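Quantities reported herein were computed from a predicted structural model and do not represent experimental measurements. For ligands, and for the atoms within them, numbers begin at 1 and follow the listed sequence.
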Amino acid sequence: QDLTKPPKQTRAATKPSRPALARLAIREEPVGRTLPSGLCGLSLETAVLTAPGVLDPRNHELIELHKGISRNGLLRLGGNTSDVSWWQGRPDGSQPAMRHSPTTLSRRFFALQPERVRALRGFVDETGWRVIWGLNFGTGTPEQAAEEAAAVHAILGPALLAFQIGNEPDLFNRYGHAMRGADWSSSRYVDEWTSFARSVLTVCPQARFWGPDTAINDDWITRFALEAPKRLGAHITGLSGHYYAEGPPDAPESTIEHLLAGDPRVERRLADLQAVLPATGLPFVMTEGNSCYLGGKPGVSDSFASALWGADYVARMASGGCDGVCFHGGAAEVEHANGENSQGAHTAAEHVRAKSGAFYSPIAGTPETGYTARPLYYGLQAAASLANTSLLPCALETGGANLTAYAGRHDAEITLLLVNRDLQNDVRLDIACSGGPRRIMSDRQLIASSVHALNGVHFRDMPALAGQAPSGLAVPRASILLLTLR
Ligand code: BDP
């Protein structure tokens, strides 16, 4: 893809209409919390560690792509394959007796070799990122978790932020993981989780834990947030959950229009978090998620729409109190199967097919093919421009368009992220700041030839606007505008 050429505009095909007139009022006081520098992160299947050369200090292309998102982001290793992985630490390399056979998640177990974790250490040291490591809670034992944790802790050293124990434990009764049947509940989970964590602490007394890494049940997050610190005290250093905007891929509503319309579940989740987070004093990160589960939907998850969705999603979560979002991806080479189609049937083959495309991954490729940034990647870069800023209250009159605005201040500068997810309406925007008139320092658009574009997504600088007052700004339909004001 040639990022130097502007994309061909296909908009002429649609009827020209008057732009929606929008107005944004930014209050410069009170200044909200400062967003972490690692606001945008990535998440990978644990099983990616079985592929040589991926998370490796010699994988320069992948390292640079990570640095292009953040200089100190969060790389979460987990997913369903973390619950079917085992630590290959015995002198003879043999597999310990697992607590349960792989069930609907995978047809096999994945062996984790110490040398791959050493390569991971080299990789994250190059990127400046830190790791959240998921231990096997699904099919492993507390003793196995302890052995793996001690080894991983020793190898990763300061690059290890925390362990998680179990991926999406609120769905374990669906997967049929060891003895988690119909009576599986958040209280049973917290009890079992505690015995795993205590087992880890006997061999790794400095271990830190995040959790609960749940899929959909926010009441499990609340329970974990209240209970786990009571039991493990300062060893609990963060809270986590997952979110997929759509899915499965074959559901009729897994569309671009639906993705961009906004999701009331996000608002509900933020409200649930607000009720519990302040009292815990712990950071909260969406450690996994993406546009559409089961590997994403082609034409949606890999299109420019995913960039518009992803940028808005990160900023919305951040402005609601979330400290970071890790987008799931990679793992094109990982064979694993889970989940159901819209009829509730397991579709292992479909999932494997989806996985080989890994449609939602912000970064596509393998060490052999090389790597490319997918449209979503640019959406993360756009959202990451709010990192290290302190959020300012915004009052937005959208003029009827599906426009969102987020403002963050850093010293004397205000960074603005404006996301026009509207597929029909261009926007003309006037901005007023409570502290007095401000001028545009820089102005970049994230655009593509159409919301369906699979490549050609690029930032376009608009130097002509520098020094101007922020009024009458064009925010075309399906585009992002990034401004700095001074
Ligand atoms: C999530 C799992 C992850 C899968 C993803 C998907 O945690 O391992 O890869 O779904 O279905 O629920 O794409």
**Report entry** Contact check: H242 vs ligand 1, nitrogen or oxygen atoms, below 3.5 angstrom
**Finding:** no
Report task. Provide the number and element of each atom of ligand 1 under 4.0 Å from a heavy atom of E45. Result -> 3 (C), 4 (C), 8 (O), 9 (O)
Report summary line: For G79, the ligand 1 atoms with a heavy-atom partner under 4.0 Å come out as 7 (O), 8 (O)
Query - Distance filter under 4.0 Å to Y360 heavy atoms, resulting ligand 1 atoms - result: 5 (C), 6 (C), 9 (O), 13 (O)
Query raised in the report: Tell me, do S187 and R223 make a side-chain contact under 4.5 Å, heavy atoms counted?
Result: yes
Query raised in the report: Do any heavy atoms of G295 fall under 4.0 Å from ligand 1?
Result: yes
Report summary line: Contacts of N290 meeting side-chain hydrogen bond (donor to acceptor under 3.5 Å, both in side chains) (sequence neighbours excluded), chain-then-number -> none
Query raised in the report: Of all residues at least two apart in sequence or in a different chain, which pass the side chain to side chain contact (heavy atoms under 4.5 Å, CB included) check with S94?
Result: R90, D92
Report summary line: For N167, the ligand 1 atoms with a heavy-atom partner under 4.0 Å come out as 2 (C), 7 (O)
Query raised in the report: Do N217 side-chain atoms and D219 backbone N/O form a donor-acceptor pair below 3.5 Å?
Result: no
Query raised in the report: Hey, does the side chain of W184 reach the backbone of P169 with a donor-acceptor pair shorter than 3.5 angstrom?
Result: yes
